[in-house]
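Take a look at the structure set out below.
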Amino acid sequence: MLIGSDFNRRCEKILMTAGRESGFEAEKKIPVEALAETLKMDRVEIRNLFQYMIDLQFIKAESIGGPSLYGHISLTKKGLLKVKSLMNSSGK
């Protein structure tokens, strides 16, 4: 599968939003439904992006269920480091 810059930007947007939602804490459960609503992403799109980030070990599925397949996710320590790196590179 070819992963382009638009795909990566959407992953970064999810990670940044998840970081804010979790108070920048690893392993804190984040409700996927609220996250999807905040990001304005449809369930198929967000599910595919989640699976990619799970494979990269940036996020972890905490519960299954709901319209997006996942009920809750959490940032891993590796994911939190990525969020902090994104924040540093964007100057936020």
Side-chain angles (χ1 to χ4, degrees):
M1 171 168 56
L2 182 62
I3 307 294
S5 62
D6 184 51
F7 187 90
N8 288 329
R9 276 193 298 275
R10 289 181 287 165
C11 287
E12 290 172 2
K13 188 175 178 182
I14 290 171
L15 287 172
M16 293 292 287
T17 303
R20 285 190 295 275
E21 292 289 322
S22 70
F24 300 98
E25 290 182 40
E27 312 301 329
K28 185 171 181 184
K29 288 185 180 180
I30 304 160
V32 169
E33 194 169 333
L35 190 61
E37 189 175 305
T38 299
L39 293 166
K40 309 242 184 290
M41 291 184 180
D42 70 54
R43 64 185 183 179
V44 173
E45 176 183 24
I46 204 162
R47 182 179 63 232
N48 292 332
L49 293 166
F50 281 166
Q51 188 56 57
Y52 176 68
M53 289 187 290
I54 288 169
D55 292 344
L56 291 174
Q57 299 179 343
F58 287 152
I59 65 171
K60 183 171 120 180
E62 294 288 349
S63 67
I64 304 296
S68 300
L69 178 63
Y70 305 105
H72 294 84
I73 62 157
S74 66
L75 287 169
T76 63
K77 289 179 183 178
K78 182 178 178 181
L80 192 56
L81 288 173
K82 180 67 174 175
V83 169
K84 290 178 180 181
S85 170
L86 291 169
M87 290 174 65
N88 288 338
S89 68
S90 68
K92 293 182 181 178

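Predicted, not measured: the structure shown is a model, and the values here were computed from it. In this chain, numbering begins with 1 at the start of the sequence shown.
At distances below 3.5 Å, not a single donor-acceptor pair connects side-chain atoms of Thr17 with backbone N or O atoms of Ile14.
Side-chain heavy atoms closer than 4.5 Å link hydrophobic residues (I, L, V, M, F, W, Y) into clusters, and following such links, possibly through other members, connects Met87 to Leu80. Follow the hydrophobic side-chain contacts under 4.5 Å out from Leu56 and you reach Val32 in the same cluster.
Going from atom CD1 of Ile46 over to atom CG of Leu69 covers 11.5 Å, rounded to the nearest 0.5 Å. Distance check, rounded to the nearest 0.5 Å: CG of Asn8 to CG of Leu49 gives 9.5 Å. Note that CD of Glu21 and CG of Leu75 are 10.5 Å apart. Values are rounded to the nearest 0.5 Å. Interatomic distance, Glu12 CD to Met53 CE, rounded to the nearest 0.5 Å: 10.0 Å. Taking CD of Glu33 as the start and OG1 of Thr38 as the end, the distance is 11.0 Å to the nearest 0.5 Å.
Scored by the side chain to side chain contact (heavy atoms under 4.5 Å, CB included) test, Ile54 finds Gln51, Ile59, Ala61, Tyr70 as partners (sequence neighbours excluded). Residues that satisfy the side-chain hydrogen bond (donor to acceptor under 3.5 Å, both in side chains) test with Glu45, not counting sequence neighbours, are Arg10. Applying the side-chain hydrogen bond (donor to acceptor under 3.5 Å, both in side chains) rule to Ser85 yields no partners; only residues at least two apart in sequence or on another chain are considered.
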Donor-acceptor list for residues 22-29 side chains, cut-off 3.5 Å, not counting sequence neighbours:
{"residue": "Ser22", "atom": "OG", "partner": "Ala18", "partner atom": "O", "Å": "3.1"}
{"residue": "Ser22", "atom": "OG", "partner": "Gly19", "partner atom": "O", "Å": "3.1"}
{"residue": "Ser22", "atom": "OG", "partner": "Phe24", "partner atom": "N", "Å": "3.3"}
{"residue": "Ser22", "atom": "OG", "partner": "Glu25", "partner atom": "N", "Å": "3.3"}
{"residue": "Ser22", "atom": "OG", "partner": "Glu25", "partner atom": "O", "Å": "3.3"}

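Sorted by first and then second residue, the salt bridge (charged side-chain N to carboxylate O under 4.0 Å, His left out) pairs with a member in residues 78-87 form an empty list; sequence neighbours excluded.
Residues Lys60 and Ile73 are not in side-chain contact: their nearest non-hydrogen atoms beyond the backbone lie 4.5 Å or more apart.
Side chains of Glu62 and Ser74: a donor on one and an acceptor on the other come within 3.5 Å.
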